[in-house]
Amino acid sequence: MPLERRYWLLVGVMGIAVSSVLLLSSGPVMSDWRLPFIWLPGVLSEATDIQKTVLIDIRLPRLVLGLMVGAVLAQSGTAMQTLCRNPLADPGLIGISGGAAVFALAVIALGPEFGLQGQLWVSGAAFIGALLTTFVVYHLAGGRSGVHVATLLLAGVAINALAGSILGLLSYYANDDALRLMSFWQMGSLAGADWQQLPLGFLFMGVSCVALFIHRRAINTLLLGERQARYLGVNVGTLKRRIIFFVAFGVGGAVALTGMIGFIGLIIPHIARMLVGANVRWLMPVSMLFGAAILVLTDWLAKTLVAPAELPIGIITAAIGAPFFIYLLMKQRRRFYA
């Protein structure tokens, strides 16, 4: 096992540890660096009930959700970029996030008229929307020879355009309160994390994480091309179907609980690829660790930059991710014209 790759795995673990301590120890209600170590004897022996409640019922589920969502989005981005053999691909490119947004915002805008109110309905609608969109895109791109990646991307572009049109229509009919909720949901946030909603979302995200990780060696063969992968004994058609649906499961569960958080699935695999190379057997675990650490760190920034208010986390990820994405494009352009 190369020492350098072990090193970056360790850096990812350390990043998770540091960002977790920052998130658990600070916030608009109270800030105390000893708070994450509240259970250790002598560290905070006189912890109040309020401190325990803030840590266990508010910040800890937020941390757990951030770690899982960051890992899932980064892992899904790695799988999609390898499947499409395109470094600019991400889960949103095939319309998963757009479909989830349409169903979730439809519940926010129109749900009160039909008695469908509350976070549970919004989350459920988002997950159903993600799966239905994936089903439609898959059947548009599927053929006798399997899934055509180029058609998959084109179908995703069409679905995203249609989703944008429907979202505009929903915004036109929504009242002021619904518009505010719709805007906040589209920018993403971990603020709604609680222990009651986590198990179901974790079921789908956990299935996605484990399944894609198990298939990482087979996914790695796609880097050689589909023909070479078949020569190595990989059933490429089945593998592509599994990648698409496991990505949909993971991203659907993530979007259902947090709203739309952009750039994690696009930028984190790029960073990991620069550090450990394109081998998916290493790229995927490093991406998952870095994705979890960076999303938690971003959530800490969202809570502290404008305290006691809180920024939507999607604003921070876009502000960080967009310049880095432009840098990658400029770097590729220089290589192309060199």
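Residue numbers start at 1 and run along the sequence shown.
- Looking only at distances, a side-chain donor or acceptor of Thr221 sits under 3.5 Å from a matching main-chain atom of Ala218.
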Next item on the list: For ring pair (Phe, Tyr, Trp, His ring centres under 6.0 Å), just list the numbers for Tyr138 and Phe245, CA-CA rounded to whole Å, side-chain angles, deciding distance to a tenth of an Å, and then say yes or no.
Entry: CA-CA 9 Å; Tyr138 172 79; Phe245 282 104; 5.3 Å; yes

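- One N or O on the side chain of Trp195 and one on the backbone of Ile56 form a donor-acceptor pair closer than 3.5 Å.
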Checklist line | Criterion side chain to side chain contact (heavy atoms under 4.5 Å, CB included) on Ile244 and Leu83, from CA distance to verdict | finding: CA-CA 9 Å; Ile244 292 169; Leu83 170 65; 4.0 Å; yes

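- With Asn220 contributing its side chain and Val280 its backbone, the two residues share a donor-acceptor pair below 3.5 Å.
- Note that CG of Asn279 is 10.0 Å distant from CZ of Arg216, once rounded to the nearest 0.5 Å.
- Leu23 places a side-chain heavy atom less than 4.5 Å from the side chain of Asp299.
- Between Met205 and Leu65 the shortest side-chain heavy-atom distance falls below 4.5 Å.
- Rounding to the nearest 0.5 Å gives a distance of 11.0 Å between OG1 of Thr317 and CG of Leu301.
- Here the shortest heavy-atom pairing between Leu222 and Arg85 reads O-CD, 3.4 Å.
- Using a distance-only test at 3.5 Å, with no hydrogens or angles considered, no donor-acceptor pair links the side chain of Thr133 to the main chain of Ile96.
- Cluster membership check: Phe135 does not share its hydrophobic cluster with Ile243, using side-chain heavy-atom separations under 4.5 Å among Ile, Leu, Val, Met, Phe, Trp and Tyr.
- Remark: the backbone N or O of Phe204 is not paired with any side-chain donor or acceptor of Ser208 at under 3.5 angstrom.
- Using a 4.5 Å heavy-atom threshold, the side chains of Met80 and Asp90 count as separate.
- How far CG of Leu311 is from OG of Ser189: 10.0 Å, rounded to the nearest 0.5 Å.
- Counting heavy atoms from C-beta outward, Leu22 and Val18 have side chains that approach closer than 4.5 Å.
- For the residue pair Ala109 and Ala178, the shortest heavy atom distance occurs at CA-CB, 4.2 Å.
- Side-chain contact between Thr134 and Phe249 is absent, with no heavy atoms from C-beta onward closer than 4.5 Å.
- For the 3.5 Å distance criterion, the side chains of Ser287 and Thr78 qualify, holding a donor opposite an acceptor.
- Note that the CD1 atom of Ile294 and the CD1 atom of Ile320 stand 8.0 Å from one another [nearest 0.5 Å].
- When each of Ile268, Ile313, Ile316 is tested with Leu295 by the rule side chain to side chain contact (heavy atoms under 4.5 Å, CB included), just one qualifies, namely Ile313.
- With a 4.5 Å cut-off on side-chain heavy atoms, Ile271 and Val286 do not count as touching.
- In this structure, CD1 in Ile264 is found 12.0 Å from OG in Ser76, a value given to the nearest 0.5 Å.
- Hydrophobic clustering keeps Leu154 apart from Val247 (ILVMFWY residues linked when any side-chain heavy atoms are closer than 4.5 Å, directly or through intermediates).
- Side-chain contact annotation: Trp300 with Ser19, donor-acceptor N/O pair under 3.5 Å absent.
- Between Ala174 and Met182 the shortest heavy-atom distance is CB-SD, 3.7 Å.
- In this structure the side chain of Val54 reaches within 4.5 angstrom of the side chain of Arg59, judged on heavy atoms.
- Stacking of Arg242 on the aromatic ring of Phe246 is not recorded, the 6.0 Å distance cut-off and the 45° axial limit not both being met.
- Between the CG atom in Leu223 and the CD atom in Gln81 there is a gap of 11.0 Å [rounded to 0.5 Å].
- Transitive grouping of hydrophobic side chains (ILVMFWY, heavy atoms separated by less than 4.5 Å) brings Trp8 and Met274 into a common cluster.
- Between Phe103 and Phe127, a ring centre-to-centre spacing not shorter than 6.0 Å is recorded.
- Pairing each heavy atom of Ile219 with each of Leu212, the nearest pair is CD1-O, 4.0 Å.
- At least one donor-acceptor pair under 3.5 Å links the side chain of Ser123 to the backbone N or O of Ala256.
- Annotation for Cys209 and Val72: closest pair SG-CG2, 3.4 Å, computed over non-hydrogen atoms.
- Between Arg180 and Phe184 there is no side-chain heavy-atom pair separated by less than 4.5 Å.
- Residues Val306 and Ala302 approach most closely at CG2-O, 4.5 Å, considering heavy atoms.
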